[in-house]
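Okay, structure first, notes after.
Every chain is numbered from 1 and lettered A, B, ... according to where its sequence line falls, protein lines coming before strand lines. Because only heavy atoms are used, hydrogens play no part in the values below, and waters and symmetry mates are left out as well, while side chains stay in.
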Amino acid sequence: MKARLALRSVALGYLGFLIILPVATVFWLTFRDGLGPFWSSVAEPAALNAFRITVLAALVAVVANTAFGILCAIVLVRHDFPGKRLLSALVDLPLAVSPVVVGLALILVYGTYGWFGSHLAEYGIRIIFSLPGIILATVFVSLPFVVREVAPVLREIGTEQEQAAATLGASSWQTFWRITLPSIRPGVAYGVVLTTAKALGEFGAVAVVSGRIIGRTQTLTLHVEDRFQAFDMTGAYAASVVLALLALGTLFAMNLLRPKEEKT
Amino acid sequence: MGITVRNVSKRFGEFVALDEVSLEIPNGSLTALLGPSGSGKSTLLRVIAGLEEPDAGEVVISGEDKTRTPPQRRGVGFVFQHYAAFKHMTVWENVAFGLEIRKRPKEQIRKRVGELLELVQLAGFAHRYPAQLSGGQRQRMALARALAIEPEVLLLDEPFGALDATVRKELRSWLRRLHEEMPVTTVLVTHDQEEAMEVANEIVVMNHARVEQVGTPEEIYESPASEFVMSFVGPVTRMRDALIRPHDVEILLDGDDSTVPAAVDGVLHLGFEVRVHLRLSGGEDLWAQIPRRTARELDLKPGDRVHVRASRSRTFA
């Protein structure tokens with residue numbers, strides 16, 4: 001009994017000091033003086049703009065990486081081709097490389113003097129220090145999650161259900177929508193949660209490519225740091241709470257998408 | 001019409017799964033593809049279904065060359081060893097799947113699925129998920145799902161392989177009855193000779209990517225075409241150069257011209273039969289399967305000197 005109690009205390013203590021205490025403090029400091037200061041900080045134009053950019057970048061990252069991630073997982077699990085291991089390693093690259101390096105690499109390619117960006121600049125398209133760059137960086141750093149969550153599920157369900165659907169007359173498209181996708185849904189849902197979390201919270205890569213122009217190219221995380229550096233604690237805490245609520249909202253929404261049979 | 005397979009070959013890398021296999025499966029028959037694992041029987045079934053493309057040869061179903069036809073348009077029902085149930089769909093949705101893909105009218109689907117669930121005795125389980133069914137129920141559901149599209153041929157890949165012995169026996173006789181009611185050309189893959197004999201009216205014995213023999217269960221058992229077939233479809237023992245079924249070994253107390261002297265090594269009582277282990281004068285071992293009553297009359301004990309005769313034996317080149 002004593003050993004079990006000790007184990008439990010260690011686990012709870014670990015979570016308590018690392019997660020519960022800091023998050024609770026942020027919430028407490030935000031709402032210490034009531035909702036008034038919170039609202040005025042959140043309604044500030046710079047904060048609203050940061051919110052808008054963060055949500056937009058996260059949305060694009062989730063949609064792109066879900067579609068691409070499922071496709072990539074299918075190719076990695078179901079197909080056999082030379083260079084498959086290389087592709088598999090490439091998928092993990094965004095996790096392995098520091099986000100700051102990712103940001104710098106994007107500047108080298110898409111920056112005004114970058115080898116690709118200089119051509120785009122001729123057409124008046126600007127990627128670095130503007131919204132497309134932020135989106136690009138966000139998509140890049142959150143790329144691996146759906147692939148890595150979906151691939152093992154695909155491997156586990158095998159191909160028999162898909163073959164059965166084929167003998168029953170379903171085209172590969174119909175099989176994908178009616179058999180494969182519903183079967184991998186738990187993996188997709190978890191991958192989306194992780195993608196969203198990463199996209200909302202990304203700091204390093206976005207900090208490098210965005211130029212951090214207040215009210216124009218700041219995401220919520222950049223805004224939090226900006227407020228913190230400016231000794232505007234209420235602003236920093238309020239934006240942090242918004243970030244936390246966005247993450248909680250995603251978790252809750254994904255929970256609703258859980259497959260039917262698990263609920264029975 | 002049935003199914004015609006002509007000179008079909010299939011390799012997986014270095015492994016030869018089918019080596020110029022030719023086969024006629026008559027319309028309305030219930031045929032078993034019997035063989036050890038790796039003999040090519042499952043590959044042949046998958047080639048017929050269109051789930052594998054043969055490297056050479058052709059597959060004709062009901063008079064039409066279907067070699068290059070994808071499985072979607074072959075009109076085959078396929079049942080997998082591990083059921084391949086659509087886990088996120090109810091029993092009803094599983095069975096209705098093929099009909100919904102074919103965009104049949106709602107009313108017709110409702111009626112047909114109802115009939116099929118009645119046929120496979122799952123009428124009360126329509127709204128359950130596969131995870132809530134036993135193995136035997138899942139396989140009956142898979143069968144109803146395959147039958148729903150009114151296939152020209154029904155293909156079953158080790159359909160009872162994952163079930164326990166009692167359920168397996170039950171489903172075998174159930175499948176036989178079902179086939180009598182609904183005589184759609186059926187091909188069943190099995191490695192179990194007893195299952196093949198019990199269910200099928202025609203058996204195709206396969207070994208090493210080739211067809212060894214085709215015949216009725218009786219023909220296969222009574223006149224095997226090769227040593228492999230003889231030893232695969234029933235017990236065998238060896239007497240000099242000949243293969244012999246243990247129940248064709250006669251044990252006599254007195255010898256004559258046609259008998260060989262032997263010594264009793266051991267006697268095992270196995271219920272309805274008695275197994276006698278013998279050693280011939282040349283030092284070779286063989287065993288005999290004799291009825292209980294004969295054993296009682298002979299009253300054999302280890303060390304007894306007897307004479308044996310093969311009432312039927314076969315020699316293969």
Side-chain angles (χ1 to χ4, degrees), chain A residues 66 70 73-74 77-85 146 149-192 253-264, chain B residues 12-13 45-46 48-52 69-90 93-104 127-133 138 141-158 162:
Chain A
T66 303
I70 293 172
I74 289 175
V77 173
R78 297 274 194 262
H79 295 222
D80 231 345
F81 55 92
K84 183 167 146 170
R85 291 172 69 130
V146 172
E149 291 305 319
V150 170
V153 183
L154 264 179
R155 209 167 285 128
E156 196 206 304
I157 61 169
T159 51
E160 278 203 346
Q161 290 185 55
E162 291 165 14
Q163 290 175 359
T167 63
L168 291 168
S171 66
S172 15
W173 194 239
Q174 283 170 319
T175 303
F176 174 75
W177 281 108
R178 303 184 61 151
I179 306 297
T180 315
L181 195 58
S183 307
I184 60 176
R185 198 163 57 175
V188 174
Y190 196 55
V192 166
M254 283 304 126
N255 225 10
L256 293 179
L257 274 177
R258 287 257 292 281
K260 281 181 241 162
E261 62 262 46
E262 281 179 33
K263 287 185 192 152
T264 51
Chain B
F12 294 106
L45 195 77
R46 293 172 63 83
I48 295 172
L51 294 172
E52 302 285 354
T69 309
Q72 286 89 344
R73 287 185 277 119
R74 286 205 184 193
V76 300
F78 202 97
V79 173
F80 295 81
Q81 178 176 4
H82 298 287
Y83 328 122
F86 301 145
K87 293 194 180 75
H88 59 286
M89 296 184 194
T90 62
E93 290 164 340
N94 264 275
V95 177
F97 185 83
L99 299 171
E100 275 172 4
I101 290 290
R102 283 169 174 68
K103 302 222 180 333
R104 294 282 159 78
H127 300 293
R128 295 229 191 156
Y129 284 94
Q132 300 165 308
L133 301 180
R138 271 183 235 184
M141 177 193 85
L143 204 58
R145 183 176 71 182
L147 288 171
I149 59 167
E150 286 165 37
E152 288 180 53
V153 297
L154 182 62
L155 307 171
L156 307 125
D157 190 5
E158 302 258 5

B:His88 side chain vs A:Leu181 backbone, donor-acceptor pair below 3.5 Å: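 No, B:His88 side chain to A:Leu181 backbone: no donor-acceptor pair under 3.5 Å.
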Would you find a donor on one side and an acceptor on the other, under 3.5 Å apart, between the side chain of B:Gln72 and the backbone of A:Ala170?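 Looks like yes, one N/O pair under 3.5 Å.
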Please identify, among B:Val79, B:Leu155, B:Leu51, B:Thr90, the residue contributing the most non-hydrogen atom pairs under 4.5 Å to chain A.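 Among the listed options, the one with the most contacts to chain A is B:Leu51.
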Heavy-atom pairs under 4.5 Å with chain A: which of B:Pro71, B:Gly50, B:Gly98, B:Pro70 has the most?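 With the most close heavy-atom pairs to chain A, the winner is B:Pro71.
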Do you know which two heavy atoms are closest between A:Glu160 and B:His82, and how far apart they sit?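 Minimum heavy-atom separation between A:Glu160 and B:His82: OE1-CB, 4.0 Å.
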Which atom pair, heavy atoms only, marks the closest approach of B:Arg102 to A:Leu168?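 Reported closest heavy-atom pair: NH1-O, 2.6 Å.
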Which of the residues A:Ser171, A:Ala165, A:Gly169 is involved in the greatest number of heavy-atom pairs with chain B at under 4.5 angstrom?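 Top option by heavy-atom pairs under 4.5 Å: A:Gly169.
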In terms of heavy-atom contacts, does OH of A:Tyr190 have more than 12 from other residues, nucleotides or ligands at under 6.0 Å?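 At most 12 heavy atoms, drawn from other residues, nucleotides or ligands, come within 6.0 Å of this atom.
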By a 4.5 Å heavy-atom criterion (distance strictly below it), what part of A:Thr180 contacts chain B: side chain, backbone, both, or neither?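 No part of A:Thr180 comes within 4.5 Å of chain B.
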As an exercise, state the distance from [atom1] of [X] to [atom2] of [Y], rounded to the nearest 0.5 Å.
{"X": "A:Ser183", "Y": "B:Met89", "atom1": "OG", "atom2": "CE", "value": "8.0 Å"}
{"X": "A:Thr167", "Y": "B:Ile149", "atom1": "OG1", "atom2": "CD1", "value": "6.0 Å"}
{"X": "A:Gln163", "Y": "B:Glu52", "atom1": "CD", "atom2": "CD", "value": "7.5 Å"}

Less than 4.5 Å to any heavy atom of chain A: does that hold for the side chain of [X], its backbone, both, or neither?
{"X": "B:Arg74", "result": "neither"}
{"X": "B:Ala85", "result": "backbone"}
{"X": "B:Ala142", "result": "neither"}
{"X": "B:Phe78", "result": "both"}
{"X": "B:Arg46", "result": "side chain"}

One pair to check against side chain to side chain contact (heavy atoms under 4.5 Å, CB included): B:Ile101 and A:Arg178. What are the steps and the verdict? CA-CA 10 Å; B:Ile101 290 290; A:Arg178 303 184 61 151; 4.1 Å; yes
